[in-house]
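One structure is given below, encoded as structure tokens.
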There are 2 protein chains.
Amino acid sequence: MANIKDVARQAGVSISTVSRVINDSKSVSSPLRVKVEKAIDDLNYSTNSIARGLKSSQTNNIAVILTSVSRTFFSGVLEGINKEADQEKYSVFISETHDSIEREIKLVRSCASQWVDGIILASSAYGNDMKTRKYIESLSSLEKKDSWIPVVTLEYPCGNPGVDAVVVDHKKSAFRAVDYLIREVGRKNIIHISLPFEHYMGQQRIAGYREALEKNGLIYTEDQVLEGDYTSYCGYTLTKDLVRSGQPFDAVFCANDQMAVGVLQALGELGIQVPEQVAVMGNDDIFAASIVKPSLTSIHVPRFEMGAAAMKHMLELIREGEPSAKRKIITLDTEIVERESTKRGLKNSLQYLDW
Amino acid sequence: MANIKDVARQAGVSISTVSRVINDSKSVSSPLRVKVEKAIDDLNYSTNSIARGLKSSQTNNIAVILTSVSRTFFSGVLEGINKEADQEKYSVFISETHDSIEREIKLVRSCASQWVDGIILASSAYGNDMKTRKYIESLSSLEKKDSWIPVVTLEYPCGNPGVDAVVVDHKKSAFRAVDYLIREVGRKNIIHISLPFEHYMGQQRIAGYREALEKNGLIYTEDQVLEGDYTSYCGYTLTKDLVRSGQPFDAVFCANDQMAVGVLQALGELGIQVPEQVAVMGNDDIFAASIVKPSLTSIHVPRFEMGAAAMKHMLELIREGEPSAKRKIITLDTEIVERESTKRGLKNSLQYLDW
DNA sequence: TTGAAAGCGGTACCAG
DNA sequence: CTGGTACCGCTTTCAA
């Protein structure tokens with residue numbers, strides 16, 4: 001590929017002039033400008049944005065680091081991110097950590113080292129161990145050193161003091177879900193299949209679950225909370241075990257939709273009626289929720305808005321050009337989407353058809 | 001963030017020495033090496049892989065450019081890519097074109113300009129217009145200029161002469177699908193909902209569809225082929241229109257699963273029995289195929305293998321370090337996955353549970 | 001309006 | 001084994 005030197009030679013002008021044309025400064029005479037433009041065309045030249053970034057620290061690239069793009073939750077988030085990015089001519093590059101902290105660190109480092117203007121991060125540092133803490137601190141210090149790169153995290157506030165974030169109130173969401181199961185659906189014996197216990201989001205949801213029970217005069221007991229691992233396979237096996245154990249229950253609230261799908265599958269195989277005998281509720285409202293039969297009541301997380309808000313905030317941070325005085329956390333609202341798994345006879349919406 | 005100069009100063013050695021330690025060349029004395037390592041640690045230094053790439057043209061980054069990560073088809077592909085990349089310590093960055101050729105071109109350019117070692121591309125240049133042709137030629141010329149960047153495309157051979165690719169035989173797949181509907185399921189009146197007509201893959205599938213009909217003594221007529229647009233919404237409306245028109249049919253073969261899901265939805269609403277009255281078949285075998293009721297017979301594309309093969313080939317190209325003499329096209333095999341939408345009483349596999 | 005030259009963060013060659 | 005220095009492709013003073 002041709003470089004700026006080649007263009008300069010071809011056009012018979014200095015490199016500086018070419019540079020001026022590229023960045024369309026006004027101070028280039030018409031004839032020269034035309035010559036340069038022709039040379040650029042002839043050589044099919046395009047400027048090396050990295051070399052540029054090396055000097056000017058502006059690459060117009062944003063990195064989005066997340067656990068896995070196959071977590072459909074992120075599809076919507078990415079749409080929101082892209083929408084905002086497009087408007088500002090930023091390019092978005094996604095990379096996956098697959099829940100490996102090591103990889104996450106490596107990726108953040110790699111991106112921070114010069115080829116992106118900012119990082120939007122769905123961290124898998126849910127834990128509280130030292131390594132994680134140290135890592136998160138290094139994140140916030142990314143914000144303070146000379147060559148500063150803004151970081152915005154998604155889904156939950158990450159670390160303390162930590163970096164800016166766009167989140168939903170997981171505790172409140174869980175509270176409303178369980179409150180709904182109790183008051184609207186009339187259930188009293190609600191199992192919660194949670195996320196791994198040490199995960200921040202899991203803890204928040206358990207807290208919401210507990211609060212809803214207690215506010216409604218029901219008793220919270222630990223054996224009603226089953227530890228899940230995000231996969232629908234675990235929803236499936238936990239349910240089979242639960243039924244086998246004979247423990248009575250009339251509803252299951254899952255901390256995500258994947259697990260809820262597993263629950264539905266298991267109940268179906270066991271001939272247990274949903275929602276008559278057992279109501280099932282998920283969390284996240286991924287499109288699978290409206291595709292399964294019975295369709296799954298869930299908590300809708302405004303994914304698109306989350307992505308858009310994150311990107312918007314990112315652009316502000318970039319514009320400001322320096323670490324902000326205090327941490328900003330943007331909290332979005334969730335809402336319950338009622339479907340057949342908690343209420344018979346609801347007509348399935350065609351929402352999922354707009355893949 | 002500290003740079004190599006800071007480290008050198010801190011350790012009281014030359015930049016060259018620091019560089020040697022970083023790239024662990026043997027020729028550094030123990031005491032110096034220790035000093036440098038301490039300095040690196042103290043300053044929390046990490047090397048700027050871009051600046052490095054500027055000189056050495058090795059960034060260990062691979063770009064994957066595809067239409068949209070929410071096309072679940074790509075999830076599996078990405079897993080395959082990641083698996084191979086990990087083994088070789090490459091980092092993978094994904095970017096989405098959302099079917100915009102302009103964006104695709106921009107992204108390819110941006111990546112080619114130095115910050116990746118190779119590009120895996122699921123192009124949306126399905127068309128035959130001039131702009132597209134020119135673009136594809138520029139792709140293959142990426143391979144020929146001095147600073148050469150290997151490109152491997154996915155899904156279908158792109159352009160002519162074009163670049164290396166990992167593909168499946170779309171015509172053969174479609175042939176086998178329709179042949180199956182005729183001979184195994186006993187259908188004679190098969191509608192095909194295709195991709196947009198000008199798309200290469202759509203044309204291939206129509207050709208396969210036609211060949212299967214004709215080889216089995218059935219007549220191919222154009223009004224049995226409906227032009228789709230990838231979305232399940234179109235599968236839905238086309239089916240409703242079709243039924244309303246009164247045209248008789250006993251099977252629908254869709255060029256992708258999304259559209260087939262729309263077809264199922266429409267038939268369900270109209271009270272038409274699947275598969276008794278109408279058999280439905282998709283293409284791609286995305287996980288939604290096993291989640292819907294009735295579950296969807298489809299053509300399984302070895303996504304994981306496709307990604308892995310693409311990455312493997314990419315690594316070879318990088319290793320060779322120069323444009324290969326002739327174009328290489330790797331073709332993978334597909335297979336039919338039978339489910340309830342063509343055969344009653346099949347037990348649904350739990351395959352989808354391993355999200 | 002134009003060009004020369006320094007420097008961004010590294011690597012690699014050459015001399016000592 | 002070590003340090004000096006040119007250079008990667010581009011931007012940005014500074015002079016002319």
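The structure presented is a predicted model; accordingly, all values stated were derived computationally and were not measured. Every chain is numbered from 1 and lettered A, B, ... according to where its sequence line falls, protein lines coming before strand lines.
Within residues 27-35 of chain B, no residue has a heavy atom under 4.0 Å from DNA chain C.
Computed from coordinates, the B/Ile15 CD1 to C/dA12 P distance equals 15 Å when rounded to whole Å. A/Arg52 places its CZ atom 9 Å from the C1' atom of D/dT11, with the value rounded to the nearest Å. Rounded to whole angstrom, the span from the CD1 atom of A/Ile4 across to the P atom of C/dC8 amounts to 18 Å. Atom CG in B/Asn3 sits roughly 9 Å away from atom C1' in C/dC8 (whole-Å rounding). Atoms CG (A/Asn23) and C1' (D/dC10) sit 9 Å apart, rounded to a whole Å. To the nearest angstrom, P of C/dG10 lies 12 Å from CZ of A/Arg109. For the pair A/Lys26 NZ and C/dT1 C1', the computed distance is 15 Å after rounding to whole Å. Atoms NZ (B/Lys5) and C1' (D/dT5) sit 13 Å apart, rounded to a whole Å.
Mapped onto DNA chain C by nearest heavy atom, B/Arg20 and B/Tyr45 fall at different nucleotides, with B/Tyr45 at the one closer to the 5' end.
Residues that satisfy the side chain to side chain contact (heavy atoms under 4.5 Å, CB included) test with B/His199, not counting sequence neighbours, are B/Tyr126, B/Pro196, B/Tyr230.
Side-chain contact between B/Val64 and B/Phe74 is absent, with no heavy-atom pair separated by less than 4.5 Å. Within the 4.5 Å cutoff, side-chain heavy atoms of B/Tyr135 are placed close to those of B/Ser123. Put simply, the side chain of B/Leu78 reaches to within 4.5 Å of the side chain of B/Ile94, judged on heavy atoms.
With hydrogens and angles ignored, no donor-acceptor pair closer than 3.5 Å exists between the side chain of A/Thr17 and the base of C/dG3. With hydrogens and angles ignored, a donor-acceptor pair under 3.5 angstrom links the side chain of A/Ser16 to the base of C/dA4.
Between B/Ala165 and B/Val152, the shortest heavy-atom distance links the atoms CA-CG1, 4.3 Å.
Although no hydrogens or angles enter the test, the distance criterion places a donor-acceptor pair under 3.5 Å between the side chain of A/Asp164 and the main chain of A/Lys328. Here the side chain of B/Asp41 pairs no donor or acceptor atom with the backbone of B/Glu37 at under 3.5 angstrom.
OP1 or OP2 of D/dT2 has not a single side-chain nitrogen or oxygen of B/Ser14 nearer than 4.0 Å.
Distance from the side chain of B/Ala51 is smallest for C/dG9 among the nucleotides D/dG9, C/dG3, C/dG9.
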